[in-house]
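Below is one structure, written out as structure tokens, with a few remarks after it.
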Amino acid sequence: MSESSTKVLITGSNGLLGQKLVSYFQKNNIQFLATAKSDNKLSFLPKTNFEILDITNMVQVGEVINNFKPTHIINAAAMTNVDACEDFETECFNINTRGVANIIEEIDCSDTHLIQISTDFIFDGKKKLYTEEDTANPISNYGLSKWNAEELLFESGYHNFTILRTSLLYGVGEALNKGNIFSWALAELRLGKELNIVNDQFRTPTYVEDLVQACAKVIELSEFGVYNIAGKELLSMNEYIKLVAKYLNVSTEKVNSITSEKLNQKAKRPLSSGLDIGKAESELAYKSTDFIESLSLIDVNN
Ligand SMILES: NC(=O)c1ccc[n+]([C@@H]2O[C@H](COP(=O)([O-])OP(=O)(O)OC[C@H]3O[C@@H](n4cnc5c(N)ncnc54)[C@H](OP(=O)(O)O)[C@@H]3O)[C@@H](O)[C@H]2O)c1
């Protein structure tokens with residue numbers, strides 16, 4: 001992707017995906033504007049590339065889009081804390097669904113390509129691996145709010161969109177919020193703490209840089225539609241965190257096994273919501289990084 005006309009607007013730039021997208025576009029000299037609902041938290045982002053944008057604020061959405069005139073928008077903004085989405089239902093739907101409606105409303109009469117990031121939590125978790133064709137049946141506010149956003153896109157009559165569904169994003173970054181289980185587990189394990197991690201929830205953990213590459217590919221190829229972007233390995237949450245412990249040379253005995261019933265989290269989670277990446281592999285030449293290899297790339301020991 002090298003076209004000088006490409007101008008990418010990133011929402012949620014302080015988040016895990018948002019900040020990795022910023023790094024990518026910066027390194028590749030592609031014009032971009034990073035936006036977040038409050039001040040910029042990224043040390044490597046020049047002031048000229050940043051603006052405040054709360055996607056629930058229609059006036060801000062209009063102003064930022066009209067001033068920057070993006071050719072592409074990657075919506076990485078979301079309320080991602082699944083339990084908080086149960087406690088603060090209105091906020092959850094405002095951000096995850098209404099925010100997307102605001103963006104669609106603003107770009108409706110343009111050619112802007114919207115890349116909406118979605119989730120495996122739109123499924124109920126009764127199937128091992130989900131394809132793009134499987135029927136959504138969310139079991140939490142978070143899942144429903146993200147599915148409602150997808151439905152808005154399908155029903156909007158706006159065709160320039162791509163939905164990338166992902167699962168259990170991991171990586172490290174600056175000033176991440178506490179909801180990210182990977183960075184939380186890294187920090188706790190380094191402190192020698194014991195963790196209770198569920199053994200009956202299965203995911204296909206996704207290295208955040210793989211999702212960045214997928215976004216870049218979608219832009220480069222102008223691919224529209226729905227794609228699953230995830231890792232290849234279906235792991236229980238417990239296996240996943242044990243692999244991280246092993247990599248850190250921390251005893252896996254620090255990672256206790258617990259059932260979802262016993263942990264009793266506020267929001268229901270799908271039991272198995274792995275994503276089948278066959279379509280992305282064949283149509284986007286998507287390659288997921290092996291989990292252990294990704295840990296060495298992240299350099300979790302530093
Ligand atoms: N993390 C996962 O395991 C996972 C799995 C599947 C799908 N996804 C999807 O992947 C995408 C990126 O996730 P992530 O892990 O990068 O999430 P993240 O680290 O929580 O980042 C989301 C960002 O969105 C911001 N945000 C919240 N409300 C906003 C608003 N009204 N306007 C603008 N920005 C707002 C948040 O800011 P504050 O922190 O200040 O609220 C945060 O910086 C999301 O669409 C998520 O649903 C994530």
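Whatever order the structure lists them in is the order used to number ligands and atoms, beginning at 1. Residue indices begin at 1 and follow the sequence shown.
- The distance criterion of under 3.5 Å between nitrogen or oxygen atoms is not met by Ile95 with respect to ligand 1.
- Of the protein's non-hydrogen atoms, Leu16 N, 3.0 Å is the one closest to atom 19 (O) of ligand 1.
- Which parts of ligand 1 touch Thr166 is read off a 4.0 Å heavy-atom cut-off, strictly below it: atoms 6 (C), 7 (C), 8 (N).
- Relative ring orientation between Tyr142 and Phe121 is described as perpendicular, the plane-to-plane angle rising above 60° on a 0-90° scale split at 30° and 60°.
- Remark: Lys127 qualifies as a cation-pi partner of Tyr130 under the 6.0 Å distance and 45° angle criteria applied to the six-membered ring.
- The closest non-hydrogen atom to atom 23 (C) of ligand 1, taken over Ala36, Ser183, Ala78, comes from Ala78.
- Checking only distances, Thr119 never comes within under 3.5 Å of ligand 1, N or O to N or O.
- Using modelled atom types, one finds no donor on one side chain facing an acceptor on the other under 3.5 Å when comparing Asp54 with Gln60.
- The existence of a salt bridge linking Asp276 and Lys232 is excluded, since no basic side-chain nitrogen approaches an acidic carboxylate oxygen closer than 4.0 Å.
- Within the structure, ligand 1 has Ser118 among the residues with a heavy atom less than 4.0 angstrom away.
- In terms of protein heavy-atom proximity, atom 11 (C) of ligand 1 is closest to Ile117 CG2, 3.6 Å.
- At a 3.5 angstrom cut-off on N or O pairs, Asp54 counts as close to ligand 1.
- When only non-hydrogen protein atoms are considered, atom 33 (C) of ligand 1 lies nearest to Leu53 O, 3.3 Å.
- Taking distance alone, with nitrogen or oxygen atoms compared against 3.5 Å, Leu176 stays at or beyond that limit from ligand 1.
- Annotation: Lys146 places an N or O atom under 3.5 Å from an N or O atom of ligand 1; distance criterion only.
- Seen from the ring of Phe68, Lys7 counts as a face-on cation partner, given the 6.0 Å and 45° thresholds.
- For Thr80, a nitrogen or oxygen atom sits less than 3.5 Å from a nitrogen or oxygen atom of ligand 1, counting backbone and side chain alike.
- Of all protein heavy atoms, the one lying nearest to atom 21 (O) of ligand 1 is Gly15 CA, 3.2 Å.
- Considering backbone and side-chain N/O atoms, Lys37 comes within less than 3.5 Å of an N/O atom of ligand 1.
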